[in-house]
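These numbers were taken from a predicted model, which means no experiment stands behind them.
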Amino acid sequence: MEKYGETLFALDQDEETRLRLLAEVFDPLCTRTLAALGVARDARCLEVGAGSGSVARWLCGRAPQGDVVATDLDTTLLERIPEPRLRRLVHDVTRDPFPDESFDVIHARLVLSHLPQRDDVMRRMLRWLRPGGFVLIESFCWFPVESSPNAAYRKVMQRWSSLICGTLGTDSWWSRGQPGSFLGYGYRDVGANTVTQNLRGGTRLAEFWRRTVDMSREPLLAGGYVTPHELEEFHALLDDGDFWDLAPALVQSWGRK
């Protein structure tokens with residue numbers, strides 16, 4: 001297994017654009033849930049796999065008397081954020097430690113589903129929480145795609161999911177068992193919210209998914225997952241304003257210490 005970003009989703013100009021789209025589309029859902037869970041003005045916050053840093057920047061504004069740590073395997077984009085209070089840290093959540101009870105808030109978006117060590121990471125994050133603190137995990141779940149009546153859309157998305165599963169160890173169904181699995185990790189006061197967005201061709205959401213799949217274009221074709229024609233048909237659908245379907249669902253799950 002390779003790590004996220006080694007070949008798939010390597011940080012280049014295309015990935016920067018994709019991450020900006022991700023922030024535009026999904027940040028409103030994320031920040032609304034974080035605000036509802038309660039981020040105190042003096043909260044100590046950890047953003048795991050911070051990517052472009054948009055959520056970390058929001059946390060800095062929400063906790064002006066607190067502390068915000070943003071981690072990633074590559075912090076290039078984080079260094080560009082003009083936020084002097086943000087602490088940027090190269091950190092591998094699967095093996096690098098933090099002291100116990102360091103944080104009030106821990107957030108990870110589209111990270112743990114890509115980690116074969118996700119169960120161990122969930123338990124480690126619980127140790128990093130202070131009593132009363134919470135962790136919010138956001139992951140995609142594939143059930144809207146599995147039921148799609150559009151064969152081209154369904155096949156390319158399914159084959160892309162198979163590719164990242166075999167390459168990274170991604171589990172596109174892990175979030176389906178949440179938040180129930182949080183109880184097994186030792187969390188309490190668990191809850192969840194699942195958002196299934198309507199996907200229309202030509203929108204920012206469609207562009208995000210088109211770019212996400214296209215980041216893996218070469219291994220998809222080289223591995224025989226899809227044909228060039230199928231990929232072209234998929235692109236045409238996501239550019240077509242008359243195309244409607246459902247995007248993969250975003251599952252937000254949380255638990256407290």
Requested in this report: Answer yes or no on whether R176 is positioned over the face of F143, meaning its NZ or CZ is under 6.0 Å from the six-membered ring centre and within 45° of the axis.
Outcome: yes
Report task. Using atom types as modelled and distance alone, determine if a side-chain donor or acceptor of D96 lies under 3.5 Å from a backbone N or O of D92. Result -> yes
Query raised in the report: Do we see a donor-acceptor contact under 3.5 Å between the side chains of S148 and N150?
Result: no
Query - Smallest separation among heavy atoms of T170 and C165, with atom names - result: O-SG, 3.3 Å
Query raised in the report: What do the steps show when you test W209 against Y153 for side-chain contact (heavy atoms from CB on, under 4.5 Å), and what is the final call?
Result: CA-CA 11 Å; W209 279 111; Y153 171 70; 6.0 Å; no
Requested in this report: Run the ring-centre check on F140 versus F26 and record whether the distance is less than 6.0 Å.
Outcome: yes
Query raised in the report: Any donor and acceptor pair, going by atom type alone, linking the side chain of D72 with main-chain N or O of G51 inside 3.5 Å?
Result: yes
Query raised in the report: Is K257 reaching over with its side chain to a backbone N or O of G133, donor-acceptor style, under 3.5 angstrom?
Result: no
Query raised in the report: Any sub-3.5 Å donor-acceptor pair from R85's side-chain atoms to C60's backbone N or O?
Result: yes
Report task. Considering non-hydrogen atoms only, spot the tightest contact between L250 and L29 and give its length. Result -> CD2-CD1, 4.0 Å
Query raised in the report: Is there a donor in the side chain of T212 and an acceptor in the side chain of R18, or the other way round, less than 3.5 Å apart?
Result: yes
Query raised in the report: Can a salt bridge be assigned to the pair R44 and D67 using a cut-off of 4.0 Å between side-chain N and carboxylate O?
Result: no
Query raised in the report: Do the charged groups of D214 and R211 touch, with an N to O distance under 4.0 Å?
Result: no
Requested in this report: Kindly say whether R188 contributes a backbone atom to a donor-acceptor pair with the side chain of R256 at under 3.5 angstrom?
Outcome: no
Query raised in the report: With a 4.5 Å heavy-atom cut-off, do T167 and P219 have their side chains touching?
Result: no
Requested in this report: May I ask you to test the F234-R159 pair for a side-chain heavy-atom distance under 4.5 Å?
Outcome: no
